[in-house]
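Please read the structure below before turning to the comments.
Numbered from 1 within each chain, the chains take letters A, B, ... in sequence-line order. Predicted, not measured: the structure shown is a model, and the values here were computed from it.
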Protein chains: 2
Amino acid sequence: MQAKTVDFATDLQELAQFAKLFSHPARIAIVKLLAEKKNCISGDIANELPLSRTTVCQHLQELKNSGLIKGEISGLNVNYCLDNKKWKDIKSKFEAFLNISVPHFECNC
Amino acid sequence: MQAKTVDFATDLQELAQFAKLFSHPARIAIVKLLAEKKNCISGDIANELPLSRTTVCQHLQELKNSGLIKGEISGLNVNYCLDNKKWKDIKSKFEAFLNISVPHFECNC
DNA sequence: TTTGTATGTCGCAAACATACGAATTAAATT
DNA sequence: AATTTAATTCGTATGTTTGCGACATACAAA
């Protein structure tokens with residue numbers, strides 16, 4: 001009931017949303033592909049993944065709605081690419097979280 | 001239909017599972033609390049979150065099942081703590097992903 | 001203008017996630 | 001032994017995600 005999510009601090013909500021972007025292997029694969037810049041074309045991306053075109057398109061839209069990727073029509077094709085600014089934003093916020101100090105002694109557990 | 005997830009490379013699946021752990025603000029909050037080591041006790045954790053004890057317990061179990069946290073009974077209480085080894089593992093794999101080179105030029109989009 | 005090709009949207013179904021009250025377990029206290 | 005307390009499991013309601021076929025759009029080419 002996800003609604004309760006709103007009761008958390010906004011930075012936690014934001015981080016959780018970023019994490020959700022990466023919570024499906026298809027979306028990680030898409031991001032990696034675009035980072036490697038093997039290609040940008042929608043159809044080529046779909047061909048690389050073990051999912052229907054429809055489903056890949058949905059994952060692309062999700063990434064696009066979040067602002068992590070951009071798409072531009074080029075004739076019959078659509079070229080996708082990462083948004084560098086957004087990527088850096090996500091990266092820095094995630095790294096800040098990953099760098100929370102973890103106690104070097106074992107807890108009483 | 002989540003079943004299709006299996007058709008992806010195992011490292012992508014693993015990363016996606018880690019991301020899923022952080023895809024809810026309650027679980028991020030729990031991890032942060034344990035990292036700051038403000039306390040370890042189940043009930044205290046529940047008191048810090050805007051959720052019922054039952055629900056917090058569920059999130060704790062999820063984190064525990066993944067191996068990220070451990071719990072130890074201490075009388076009537078249960079002390080939780082992060083598993084340092086697992087945390088380092090997740091951290092390094094996530095950082096590797098976040099460090100994929102992003103093209104410094106803007107794509108044709 | 002008709003045909004083909006690349007993308008994307010809609011609607012549905014199955015699976016999964018979130019949330020909580022009630023019941024349960026198990027140790028501590030009286 | 002009975003009661004209290006802390007934590008968890010069970011059952012259930014509801015919302016979200018994933019996945020896909022069928023349909024729609026939009027440009028390109030014949």
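If you check D:dC10, C:dA6, D:dG19 against the side chain of A:Thr55, the one that comes closest is D:dG19. For B:Thr54, whose side chain is taken as the heavy atoms from C-beta onward, the closest listed nucleotide among C:dC20, C:dG8, D:dG19 is C:dC20. The listed nucleotides are D:dC20, D:dT17, D:dT8; the one nearest the side chain of A:Lys20 is D:dT17. Taking only side-chain atoms of B:Thr5, from C-beta outward, the nucleotide of C:dG8, D:dG19, D:dT8 with the closest atom is D:dG19. Among C:dT18, D:dT8, C:dT9, the nucleotide with an atom closest to any side-chain atom of A:Gln61 is C:dT9. Each of C:dT18, D:dA7, C:dT7 was ranked by its minimum atom distance to the side chain of B:His24; first place goes to C:dT18.
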| query | Could you write nucleotides 24-30 of chain D as a row of B, S and -, 5' to 3', where a protein heavy atom under 4.0 Å of any base atom gives B, of only sugar-phosphate atoms gives S, and otherwise -? | reply | --BBS--
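Residue contacts for B:Gln58: at a heavy-atom cut-off of 4.0 Å it reaches a base atom on one of the strands shown.
Atom P of nucleotide D:dA7 and atom CD1 of B:Ile30 are separated by 13 Å, given to the nearest angstrom. Whole-Å rounding puts the B:Asn77 CG to D:dT5 P distance at 13 Å.
Partners of A:Ser74 under the side-chain contact (heavy atoms from CB on, under 4.5 Å) rule, at least two apart in sequence or in another chain, are A:Asn79. Residues meeting the side chain to side chain donor-acceptor pair (under 3.5 Å) test with A:Asn77, sequence neighbours left out: none. Every residue two or more places apart in sequence or in another chain that forms a side chain to side chain donor-acceptor pair (under 3.5 Å) with A:Glu14 is listed here: A:Lys93. When the salt bridge (Lys or Arg N to Asp or Glu O under 4.0 Å) test is applied to A:Asp44, no partner is found at least two apart in sequence or on another chain. Legend: residues meeting side chain to side chain donor-acceptor pair (under 3.5 Å) with B:Glu95, ordered by chain and number and at least two apart, are absent.
Both A:Cys57 and A:Phe8 sit near DNA chain C, but only A:Cys57 has its closest nucleotide nearer the 5' end.
Ring centroid separation for the pair B:Phe94 and B:Phe18 does not come in under the 6.0 Å cut-off.
Between C:dA19 and B:His59, a contact under 4.0 Å exists linking OP1 or OP2 to a side-chain N or O.
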